[in-house]
Amino acid sequence: MAKDLLLEIGLEEMPAHVVTQSMKQLEKKVSEFLAHEKLAFSSIKSFSTPRRLAVLISEVAEKQADTEEEVKGPAKKIALDGEGNWSKAAEGFVRGQGLTTEAITFRELKGVEYVYVTKYAKGKPAIEVLAGLKEVITSLSFPVTMHWNKYDFEYIRPIHWIVALLGEEVIPFSILDVETGNTTRGHRFLGDDVTIETANSYEEKLNEQFVIADPLKRKALIVEQINEIATKNDWQVDLDEDLLEEVNNLVEYPTAFVGNFEDRFLSVPEEVLVTSMKEHQRYFDVRNQAGLLLPHFISARNGNAVKLDNVIKGNEKVLTARLEDAEFFYKEDQKLTIDACVEKLKNVTFHEKIGSIYEKMQRVAEIAKIVGKTVGLSQDQLEDLARAAEIYKFDLVTNMVGEFPELQGVMGEKYALLQGEKPAVAKAIREHYLPIASEGELPDSEIGAVLAIADKLDSLLSFFAVGMIPSGSNDPYALRRQTYGIVRIIENKHWAFPLVELQEEISAAISLDEKRYGIKLASSQIEVVNFVKARLKQFLLTKNLRHDVIDAVINAEQSNLTALFSSAKILRQHLNDPDFKPSMEALTRVINLAKKAEVEDLNVKPELFDNEAEKALFEAVTDLENRFVRQTMAQNYEDLTALRPLIENYFDQTMVMVDDDKVRRNRLTQLNKIAKMALAVASLDALITKN
């Protein structure tokens with residue numbers, strides 16, 4: 001008879017950010033364990049609070065499924081000796097399977113007879129198999145771990161109890177000095193220890209002890225309570241999902257409450273106030289119906305409404321102290337000048353092998369100028385860009401950013417506006433950090449986008465120049481994320497971005513004045529190009545493109561990243577065209593033959609043609625060459641595929657690899673011209689064509 005299975009790991013309070021992922025990991029590993037052990041079940045549900053991770057599995061089979069497995073042994077001619085007796089090989093084979101030679105049968109496989117035996121295994125009782133859950137618990141991995149007492153074993157937090165029940169029966173095992181049982185713990189302050197008599201009574205029993213074990217129900221209760229407060233007061237509350245998740249993982253029995261702070265603090269920029277509340281105190285900010293910040297906050301305590309006033313006063317006191325610091329820093333920072341802050345950056349190290357932040361700003365100013373001209377900024381934009389690059393890191397030495405590092409850039413914009421900088425300059429200072437996360441918000445302004453690219457590109461080139469190249473999972477300076485940000489910005493802005501040419505121009509400019517820029521850059525860093533292409537591949541993988549299309553695009557003889565984005569889009573659009581397969585096959589044949597062309601062959605000699613097909617193809621290719629660099633990628637693709645009939649006719653009438661050296665070279669040169677244009681679109685020979 002099937003029974004329900006309960007496994008609960010009781011811990012000291014875990015960090016909020018690991019609770020959900022650990023719960024999901026436990027569910028996944030328990031599910032995999034049951035599948036591996038051939039224990040059938042109908043469903044699995046997971047639970048978590050700051051003090052526990054648990055799973056409840058419904059209708060677990062009473063024993064493992066019996067198994068029947070056919071095992072192939074040696075060939076018959078090896079299994080039998082000349083007299084028809086079993087050989088040592090046959091006897092050793094069946095012994096290894098726990099059987100005798102009586103179990104042997106023969107079966108033909110590809111014209112050869114082999115020994116086969118059938119192994120039967122009776123399933124073990126579930127209670128016996130489930131003792132292996134110990135290994136499931138100890139196999140969980142966490143971003144940080146600790147060990148306690150005299151034990152070498154490490155875990156996210158010390159384990160205090162384990163509930164392991166199959167129906168009403170305790171599954172016996174232990175981890176360190178903790179034995180499994182059927183007793184769990186209620187809320188730390190409001191509840192008591194409670195006996196779980198049957199696995200399926202788990203959630204109900206904990207509810208009685210002020211623990212809402214289901215995180216979805218707990219979160220729904222928090223949302224309901226906050227919305228009730230907001231409706232009652234005619235407020236708007238943005239239930240930021242990340243903050244809501246964190247608050248949910250800090251409590252077992254939530255009770256939402258409202259706190260207040262003095263109106264005078266509203267003179268401090270609201271980003272500072274919201275950061276103080278959200279990032280440091282886990283509070284939700286409150287706004288009126290017009291969206292203006294109000295001097296209130298909402299949070300949830302881990303408990304009921306008893307003595308809630310004391311909880312509110314304590315939270316208000318903590319927040320007031322933090323806001324007083326913020327108010328003081330804001331007033332002090334307004335005594336600083338941008339120029340004085342920039343001067344201080346000369347003594348702030350960016351990296352010991354690369355130099356100061358001031359030197360980085362000097363390099364970024366040069367890189368931004370080069371990139372800005374390349375992407376076509378106006379003269380006014382270039383002037384604003386130059387000013388932004390001259391000062392864009394100044395807020396790093398302000399008091400506010402020293403206290404709230406997450407506000408770097410944000411305070412730079414605020415302080416720049418206060419000191420009379422143009423709005424476009426101030427906005428670029430904030431936007432240069434974007435995107436902060438891999439899929440985060442991108443810069444909106446063109447000046448901000450160029451400054452963001454320049455800042456990230458400098459980091460990439462500088463770290464690579466001193467040999468600090470990310471390897472494996474090691475990327476302490478987030479170069480992968482920064483490069484991925486460059487790729488996303490360029491794709492978003494549809495800018496021409498000839499990476500190789502830009503890299504050479506930047507390296508030449510920076511290396512001219514090592515004293516000013518603090519470093520020399522290599523003129524050609526192929527590792528940089530490959531690194532950027534790897535991030536481009538990562539980006540294209542998010543676009544649901546076929547792997548062969550991505551490989552073809554990444555391996556194109558094309559340094560303009562925007563052109564590669566276009567290539568990927570175009571190939572995806574045409575994959576199902578009726579003429580896609582024959583067109584790609586024709587161009588692939590050209591590419592493969594062109595690999596035999598000699599580098600010095602640059603000009604096709606029409607006088608060496610000996611048929612009309614050569615002449616027709618030559619004229620069409622010459623015409624396309626004259627237009628190719630001015631056309632869009634879509635036009636070039638259409639024109640290349642339009643060459644297919646001419647290419648097919650050419651190969652029907654022309655033998656390329658003839659004995660005559662001059663004629664052979666001439667024909668290979670002709671094909672090489674087509675191949676170069678084709679490879680500028682994509683490495684078309686990497687595409688998998690299907691019927």
Side-chain angles (χ1 to χ4, degrees), residues 267-272 274-275 291 329-346 348 357-402 404-436 440-459 485-486 489-490 492-495 497 506 509 516-517:
S267 63
V268 178
E270 74 169 48
E271 290 88 349
V272 177
V274 171
T275 297
F329 294 143
Y330 184 57
K331 289 178 179 178
E332 289 298 302
D333 284 345
Q334 291 180 63
K335 300 175 184 177
L336 303 172
T337 66
I338 291 176
D339 288 344
C341 289
V342 170
E343 186 67 23
K344 287 183 180 180
L345 291 173
K346 292 180 179 180
V348 179
I357 290 179
Y358 180 83
E359 289 168 326
K360 176 180 176 64
M361 290 170 62
Q362 301 300 301
R363 295 192 302 272
V364 168
E366 185 64 32
I367 295 170
K369 180 174 69 176
I370 293 170
V371 173
K373 289 179 178 178
T374 300
V375 303
L377 295 190
S378 68
Q379 187 57 41
D380 287 346
Q381 287 177 316
L382 288 171
E383 289 175 3
D384 288 344
L385 175 63
R387 176 56 181 167
E390 186 179 1
I391 64 173
Y392 77 106
K393 293 286 189 184
F394 81 90
D395 65 335
L396 292 181
V397 293
T398 62
N399 295 291
M400 190 71 80
V401 173
F404 302 101
E406 56 269 54
L407 290 177
Q408 55 189 1
V410 173
M411 297 314 300
E413 179 182 35
K414 298 287 183 186
Y415 292 152
L417 289 171
L418 285 173
Q419 297 204 25
E421 296 291 341
K422 293 171 67 174
V425 172
K427 186 176 183 179
I429 292 172
R430 174 176 55 81
E431 289 188 325
H432 91 269
Y433 284 105
L434 302 179
I436 295 171
E441 176 190 359
L442 295 174
D444 173 61
S445 72
E446 294 189 335
I447 298 170
V450 171
L451 188 58
I453 290 172
D455 180 72
K456 294 168 176 60
L457 192 55
D458 170 72
S459 295
I486 294 173
I489 293 169
I490 294 165
N492 178 256
K493 292 296 184 182
H494 305 292
W495 281 335
F497 200 81
I506 290 167
R516 177 184 178 187
Y517 297 121

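- Remark: K456 pairs with P435, A452, Q482, I486 by the side chain to side chain contact (heavy atoms under 4.5 Å, CB included) rule, at least two apart or across chains.
- Sorted by first and then second residue, the ring pair (Phe, Tyr, Trp, His ring centres under 6.0 Å) pairs involving residues 359-402 (not counting sequence neighbours) are Y392-H432.
- Note: T275 OG1 to L407 CG = 4.0 Å, rounded to the nearest 0.5 Å.
- Looking at residues two or more places apart in sequence or on another chain, you find no side chain to side chain contact (heavy atoms under 4.5 Å, CB included) involving A386.
- Scanning for side-chain hydrogen bond (donor to acceptor under 3.5 Å, both in side chains) contacts around Q334 gives an empty result, with sequence neighbours left out.
- Under the side-chain hydrogen bond (donor to acceptor under 3.5 Å, both in side chains) criterion, K427 pairs with D444, not counting sequence neighbours.
- Applying the side-chain hydrogen bond (donor to acceptor under 3.5 Å, both in side chains) criterion to D384, with sequence neighbours excluded, gives K422.
- Taking E421 as the reference, R387 meet the salt bridge (Lys or Arg N to Asp or Glu O under 4.0 Å) condition, with sequence neighbours excluded.
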Identify every side-chain donor-acceptor pair in residues 369-376 under 3.5 Å, counting partners at least two apart or on other chains, and give the distances.
unit_1: T374; atom_1: OG1; unit_2: I370; atom_2: O; d: 2.8

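- Under the rule for a side chain to side chain contact (heavy atoms under 4.5 Å, CB included), the partners of E332 that lie at least two apart in sequence or sit in another chain are F328, K335, N399.
- Take Q379 and apply the side chain to side chain contact (heavy atoms under 4.5 Å, CB included) test, not counting sequence neighbours, and it matches L382, E383.
- Residues passing the ring-ring contact (aromatic ring centres under 6.0 Å, His included) test with Y358, sequence neighbours excluded: none.
- The side-chain hydrogen bond (donor to acceptor under 3.5 Å, both in side chains) search around S378 returns Q381, not counting sequence neighbours.
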